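A quick note: this is a predicted structure, and the numbers were derived from the prediction, not measured. We count ligands from 1, going down the list as the structure has it; atoms in each ligand are counted the same way.
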Amino acid sequence: MDTDKDKLDALAMRAAQFTTGSALVKGLKKGLVDFFQQPKRILSTCFPVEMDDDSVRMFQGYRCIHSNILGPGKGGIRYHPEVSANEVGALATLMTWKCALIDVPFGGAKGGVACDVKQLSDGELRRITRRYISELGDNIGPYTDVPAPDLYTSEQTMAWIYDTYQALHPGRNNLAVVTGKPLDLGGSLGRSEATGRGCLVATNHFLELHPVAGSSGVNGLTVAVQGLGNVGGVAAELFRQAGARIIAVSDSSGAIMTSAKEGLNLDRVRGHKKETGSVVGTPHTRSITNDELLTLECDVLIPAALGNQICAGNAEKVRSRLIVEAANAPITPAADKILQSRGIPIIPDILANSGGVTVSYFEWVQNLEHKQWALDDVNRHLEEKMQFAVERVIGRWQGLGALPDGNGFAVDLRAAAMSLAIERLAKVSVERGIWP
Ligand code: NAD
């Protein structure tokens with residue numbers, strides 16, 4: 001079988017997921033469907049930047065707001081050679097559904113600059129950022145559109161964004177123009193771990209309400225994590241602390257596994273990665289391929305790296321009992337159907353990895369209130385929001401006739417989650433009179 005056959009670009013994948021979710025929303029008018037499928041606005045800008053060698057290069061930047069029905073746009077800014085209008089459009093759409101589901105008062109947005117960070121100096125990146133943000137002008141702002149970090153942008157980038165915006169709008173509190181800032185510059189405690197922590201909270205609560213392999217929590221379960229970056233690395237550590245056994249992890253160089261009863265020694269794995277740049281070769285582990293990791297027998301599989309990892313070609317071979325989508329779009333729509341028919345539940349990305357945008361929202365609130373919350377308060381509020389969203393999704397899923405494990409599911413969790421998000425946006429669109 002051609003394993004790549006069903007891999008879709010991000011926009012096509014979101015459109016397919018929207019179609020499945022919207023079919024479950026009663027009375028959704030076709031006009032509203034069309035309205036939700038189109039981004040509200042995509043700004044494209046081409047700008048010159050002076051390089052270190054005194055030459056001048058042109059860069060292409062974008063910022064898309066898919067929807068601002070629920071509030072200001074919210075979404076990351078990425079720096080990557082493949083950034084395009086299509087890509088930011090798809091990712092902005094994802095943000096709309098994520099914010100609607102987790103219930104933060106934001107719409108969906110995303111932006112980026114097409115560039116290769118690895119070929120640029122810090123000075124060049126700073127000048128690109130300043131020029132890009134000046135070009136966006138008042139299209140971003142605390143009450144219009146609030147960026148955050150994404151691929152190859154960091155706290156440092158957010159600090160430059162804040163500083164540029166502040167220079168253009170002096171004399172007022174502008175901290176809430178961007179989230180993911182350094183702690184000393186209005187960042188929130190708990191933001192950098194929030195996505196991984198949210199995965200743990202969502203998984204534990206899901207298992208409490210829908211036990212898998214006889215277990216009502218992650219304690220004692222075996223877990224494989226693809227990608228040991230910001231999200232996967234934090235998730236692996238927090239799942240371990242909660243009593244799970246991490247039996248395999250990977251990075252872009254390959255994967256490792258252990259058959260030791262206690263699971264991988266994550267301190268040793270991190271130490272080896274720090275020393276050599278890769279998890280592969282960590283003492284007392286066995287090397288496997290990333291494909292093998294995805295099909296290992298385990299209780300929970302956490303894809304936390306890239307999109308399109310589980311597709312029609314390998315979905316039949318997946319042997320985990322539950323999948324938690326820490327990454328965005330790691331499972332294709334064709335693979336969704338296969339896993340659904342096999343009765344393997346998937347906690348979908350718009351739920352599983354929404355911890356990041358939730359704590360971004362907390363950062364925005366703290367900035368507007370001139371306050372800094374204690375870490376315990378951030379984590380408690382995160383837990384409440386995630387648990388409530390899990391309950392709503394499971395309630396909808398069961399209400400739509402989810403069948404017991406072993407017989408497949410009539411509806412998958414993604415469709416249930418999407419239908420809730422679409423329903424909310426439809427309701428507010430009508431309430432606001434945006435849609436007659
Ligand atoms: P990151 O760059 O910190 O980590 C990515 C990890 O994936 C790295 O360990 C890298 O080595 C690994 N990787 C890359 N290619 C791989 C491959 N072919 N096989 C296995 N591993 C591979 O990124 P991140 O911030 O952890 O984001 C990971 C995913 O989570 C992305 O899909 C991102 O969109 C999504 N996400 C991140 C956040 C967040 O707060 N950072 C929030 C929501 C969603």
With [atom] as the reference point, say which of [options] has the nearest heavy atom.
atom                    : options                : value
atom 11 (O) of ligand 1 : A194, A305, S252, G198 : S252
atom 21 (N) of ligand 1 : V279, D251, V249       : D251
atom 12 (C) of ligand 1 : G180, A304, G227       : G227

For [atom], what is the nearest protein heavy atom, given as residue, atom name and distance?
atom                    : result
atom 19 (N) of ligand 1 : N290 ND2, 2.9 Å
atom 27 (O) of ligand 1 : V231 CG2, 3.9 Å
atom 40 (O) of ligand 1 : T195 OG1, 2.7 Å
atom 4 (O) of ligand 1  : G229 CA, 3.2 Å
atom 34 (O) of ligand 1 : N328 ND2, 3.0 Å
atom 44 (C) of ligand 1 : N353 ND2, 3.4 Å
atom 23 (O) of ligand 1 : N230 N, 4.5 Å

> Mind checking whether W373 and F362 have parallel, tilted or perpendicular rings, split at 30° and 60°?
Replying inline: tilted

Roughly how far, to the nearest 0.5 Å, is the [atom2] atom of [Y] from the [atom1] atom of [X]?
X    : Y    : atom1 : atom2 : answer
E208 : Q387 : CD    : CD    : 6.5 Å
T153 : I77  : OG1   : CD1   : 7.0 Å
N265 : I246 : CG    : CD1   : 12.0 Å
Q166 : I133 : CD    : CD1   : 14.0 Å

Counting only heavy atoms not in [X], do more than 12 fall under 6.0 Å of its [atom1]?
X    : atom1 : answer
E82  : CD    : no
R319 : CZ    : yes
Y152 : OH    : no

> Taking heavy atoms and a distance under 4.0 Å, where does L306 meet ligand 1: side chain, backbone, both or neither?
Replying inline: side chain

> For ligand 1, does Q226 get within less than 4.0 Å through its side chain, its backbone, both, or neither, judged by non-hydrogen atoms?
Replying inline: side chain

I need the atoms of ligand 1 closer than 4.0 Å to a non-hydrogen atom of [X], numbered in the order shown.
X    : value
A327 : 29 (C), 30 (O), 32 (O), 35 (C)
A326 : 30 (O), 35 (C), 44 (C)
L228 : 9 (O)

> Which of these, R63, E135, Q60, sits in a side chain to side chain donor-acceptor pair (under 3.5 Å) with S44?
Replying inline: Q60

> Under 4.0 angstrom from atom 2 (O) of ligand 1, is there any protein heavy atom?
Replying inline: no

>> Tell me if a side-chain donor or acceptor on D412 pairs with a main-chain N or O of Q340 at a distance below 3.5 Å.
In response: no

> N/O to N/O below 3.5 Å, does that happen between G356 and ligand 1?
Replying inline: no

> Side chains of R191 and T179: donor-acceptor distance under 3.5 Å anywhere?
Replying inline: no

